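So the structure is just underneath, and the comments pick up after that.
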Amino acid sequence: IHSTLLRCDVGPHPSIGSQNVSIATLDGSVTVFAPRGFDVIPDYSITSLSTDNGPVTENAYISISGTNFLPKASTDGTAFCRFDDVWSIANVLSSTQLNCSVPANIENEVDVDVTMNAQ
């Protein structure tokens with residue numbers, strides 16, 4: 001991608017958890033990046049959304065239930081909810097529960113999505 005940036009794709013069904021990174025160059029040399037490597041995380045999903053009552057207003061919180069949320073993402077600052085194209089910081093309460101503040105100027109129905117890696 002760039003002289004100082006490399007893109008690597010992880011194949012299907014990688015092992016969950018910390019992995020070492022090895023890079024082979026065209027001349028056959030191999031560099032192993034350790035001990036940090038990278039973390040493979042399980043896919044997460046949203047199973048339901050709920051509000052305390054009635055229509056959702058600015059700064060109200062919605063609760064999102066799902067699977068495989070990463071509580072560490074709250075402390076890393078990488079957990080977000082997206083309301084159409086407007087982002088809000090997520091508070092990950094557990095691997096199955098998080099909440100988000102509804103951003104200003106959200107009207108009518110919107111799509112809601114979650115990210116655990118700020119992407």
Side-chain angles (χ1 to χ4, degrees):
I1 293 177
H2 187 272
S3 64
T4 61
L5 182 63
L6 177 69
R7 176 184 168 186
C8 299
D9 294 322
V10 177
H13 311 292
S15 298
I16 303 301
S18 294
Q19 305 294 319
N20 287 329
V21 177
S22 300
I23 299 173
T25 61
L26 292 175
D27 68 4
S29 62
V30 175
T31 302
V32 176
F33 295 90
R36 178 63 187 115
F38 70 98
D39 294 328
V40 176
I41 59 173
D43 288 339
Y44 53 89
S45 65
I46 295 174
T47 56
S48 67
L49 302 170
S50 64
T51 60
D52 287 339
N53 55 4
V56 176
T57 59
E58 177 182 345
N59 294 323
Y61 279 89
I62 62 165
S63 294
I64 299 176
S65 297
T67 60
N68 297 322
F69 296 150
L70 302 174
K72 173 181 140 177
S74 279
T75 57
D76 287 352
T78 58
F80 293 91
C81 293
R82 182 172 50 94
F83 297 80
D84 277 344
D85 60 352
V86 180
W87 294 91
S88 173
I89 295 172
N91 182 19
V92 182
L93 305 172
S94 70
S95 63
T96 60
Q97 194 73 34
L98 62 85
N99 62 30
C100 286
S101 177
V102 177
N105 303 321
I106 298 297
E107 299 177 13
N108 302 319
E109 291 184 15
V110 297
D111 290 329
V112 176
D113 198 4
V114 171
T115 181
M116 293 290 122
N117 63 358
Q119 298 291 318

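Because the structure is predicted, anything quoted here is derived from the model rather than measured. Values below: every heavy atom of this structure, side chains too, minus hydrogens, waters and symmetry copies.
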Counting only heavy atoms not in Leu49, do more than 12 fall under 6.0 Å of its CG?
yes
Under a 3.5 Å distance rule, please check whether Thr47 uses its side chain to pair with a backbone N or O of Ser65 as donor and acceptor.
yes
Does the side chain of Arg82 reach to within under 4.5 Å of the side chain of Asp111, using non-hydrogen atoms?
no
What pair of heavy atoms forms the shortest contact from Val112 to Ile46, and how long is it?
O-CD1, 4.2 Å
For the residue pair Asn99 and Ile62, establish whether any side-chain heavy-atom pair is separated by less than 4.5 Å.
no
If every non-hydrogen atom of Trp87 is compared with every non-hydrogen atom of Thr115, which pair is closest and at what distance?
CZ3-CG2, 3.7 Å
A side-chain contact here means heavy atoms from C-beta on lying under 4.5 Å apart; do Val114 and Ile64 qualify?
yes
Nearest-0.5 Å distance that lies between atom CG in Asp113 and atom CG in Asp85:
12.5 Å
Is the closest side-chain heavy-atom distance between Leu98 and Cys100 below 4.5 Å?
yes
In the structure I gave you, are the side-chain heavy atoms of Gln97 and Phe69 within less than 4.5 Å of one another anywhere?
no
Working for side chain to side chain contact (heavy atoms under 4.5 Å, CB included), residues Phe83 and Val102
CA-CA 8 Å; Phe83 297 80; Val102 177; 4.3 Å; yes
Report yes if some heavy atom in the side chain of Leu70 is under 4.5 Å from a heavy atom in the side chain of Val92; otherwise report no.
no
Side chain to side chain contact (heavy atoms under 4.5 Å, CB included) between Leu93 and Asn91: does it pass, once the steps are laid out?
CA-CA 6 Å; Leu93 305 172; Asn91 182 19; 3.5 Å; yes
Do you know the tightest heavy-atom contact between Tyr44 and Asn68?
CB-O, 3.5 Å
Counting only N and O atoms by type, is there a donor-acceptor contact under 3.5 Å from the side chain of Ser88 to the main-chain atoms of Pro103?
no
